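Here the structure comes first, spelled out in structure tokens, and everything after it is commentary.
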Amino acid sequence: MTRKIDILDTTLRDGEQSPGSSMNTEEKIIVARQLIRLGVDAIEAGYPAASNGDFRSVEEIGGIAGDSCVVCAIAQATEADIDRAAEALKSARRPRIHTGIAVSPIHLRNRFGITEDECVARAAHAVSYAKGLVDDVAFFAEDAGRADQEFLLRVIQAAVDAGATVINVADTTGYSLPEEWGARIRSIADNVIGIENTKLSVHTHNDLGMATALALAGVRNGATQVECTINGLGERAGNAALEEIVMAIQLHGAELDAHTDIRTAELTRASRLVSRVTGVGVQANKAVVGANAFAHSSGIHQAAALKSRDIYEILDPAQVGAVGSEIILSLRSGHEALRHRLVELGYTFADDEFDDVYQRFQEIAEQKKEVYDEDLESMVQERSRDVAAVFTLDALQIQCGDPLVPTAVATIIDEGGVKHVVSATGTGPVDAAYKAIDRVLTVHGDLEEYVVKAITRGIDAIGEVVVRVKSADGKVYTGRGSDTDVIVSSAKAYVNAINRMITTQRSREGR
Ligand code: MN
């Protein structure tokens, strides 16, 4: 039997730190449910000391995860941060505090202004303090890729001696080359006394396009846990991509002496879900989950693929769940059919909630003959977005064409329940709609990016619009909206982005 490699997913913590991909608690819960279906060993759910929103997300994910996986909260090496993490993890059945400190000379000197001895003392104190609150304590060595190796061994030894159950070695800046990184991990595995009783973990970044290679170099050299994110989402160029690591381990398990417990058929759905929730698209040529990952266009390749797919394909699309669902619902589908399919997709509703869902489903089915899984997911996620609605688009009427002046009349309901009917003209229908909506909003946002795409097939497909809106303080908020009418989708997406801006600003003030 090969070694079991734990997969810690940090999409909800490191992934969420990537620009414009912030998620609210409801969205994080949707992602967490999919991570549980995927079978990850641990979910890093957030940084409770950073904001009330993060605290609540960790708390709620701890509640839903039960025994299915470890729920981890990150904390800097201070008692206040660690206390806050422990508090947020109270509802978790398998809580883990992930604390630590940066270990490279540049961090010690320029960020903290401390000596190596002080760094070791802080690391040891943080771990033993956390051990007083929970049993499972991970220690992270930040920027280990640029640390002095002798010193790195010393800090890690201190953390192990203080009772750490996981040692997470982080190439925070994505600086390393795979062989050098592997040698670092090997030297930790060989030299730290007691390391064999802990999980040795690697956390790698993609600044040089090598995050996956670094993670696998870690596995080859003794790591038994990998930290990664769906779609490689994360700070700057991102983290190591979960789907790449899992499939590489699956294909090369013998050479790596490794296996994971991930249900690979859930990978494509996880990728699409995270992309839809964050509004961060997946490049078409992305490994494993990109739209073209299994597409052949050259004639020679196509001809060969018809004879036998494996001539040019090392992975089977079915293995990663990249084959379209054959279940298509329609207006004739009853309550039970819809409920059954939603449960299979991972969504459960109370009876009174379900009546609403069914009603919305019928509206969609009336407009489209065939309702695909992607339509259902878009519908369910739209509901969760409504939870935080400050402003709601109630109605939108557009007049446009050639030679008409594009004109929009919008009805917006504010959180006090007051209806505002506003109108504006613009250079086009979307511009007119946004200008009308702007007359009601209490905050201003600049539109940075506007993307429209069809979620499913056919001319009657639901069109989804993703917008990025920049606030006065320079933060970027993503908004999404979907409808069979793309102008309505556009208006919903804009209102959604503004609602996120307002709720985020409020939760920051309430901190
Ligand atoms: Mn990171």
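We count ligands from 1, going down the list as the structure has it; atoms in each ligand are counted the same way. Along the sequence shown, residues are numbered consecutively beginning with 1. Just so it is clear, the model here is predicted, and its values are computed rather than measured.
Between Asp171 and His203, the side chains place no donor N or O within less than 3.5 Å of an acceptor N or O (distance only, hydrogens not considered).
Residues meeting the side-chain contact (heavy atoms from CB on, under 4.5 Å) test with Asp117, sequence neighbours left out: Thr115, Arg154. The ring pair (Phe, Tyr, Trp, His ring centres under 6.0 Å) check on Tyr434 picks up Tyr494, with sequence neighbours excluded. In this structure Asp161 satisfies the salt bridge (charged side-chain N to carboxylate O under 4.0 Å, His left out) test with no other residue, sequence neighbours excluded.
For the Mn ion (ligand 1), the nearby protein N/O/S atoms, meaning those under 2.8 Å, are Asp14 OD2, His203 NE2, His205 NE2.
Using a 4.5 Å heavy-atom threshold, the side chains of Leu242 and Val40 count as touching.
A salt bridge links Asp54 with Lys28: the closest approach of a Lys/Arg side-chain nitrogen to an acidic carboxylate oxygen falls below 4.0 angstrom.
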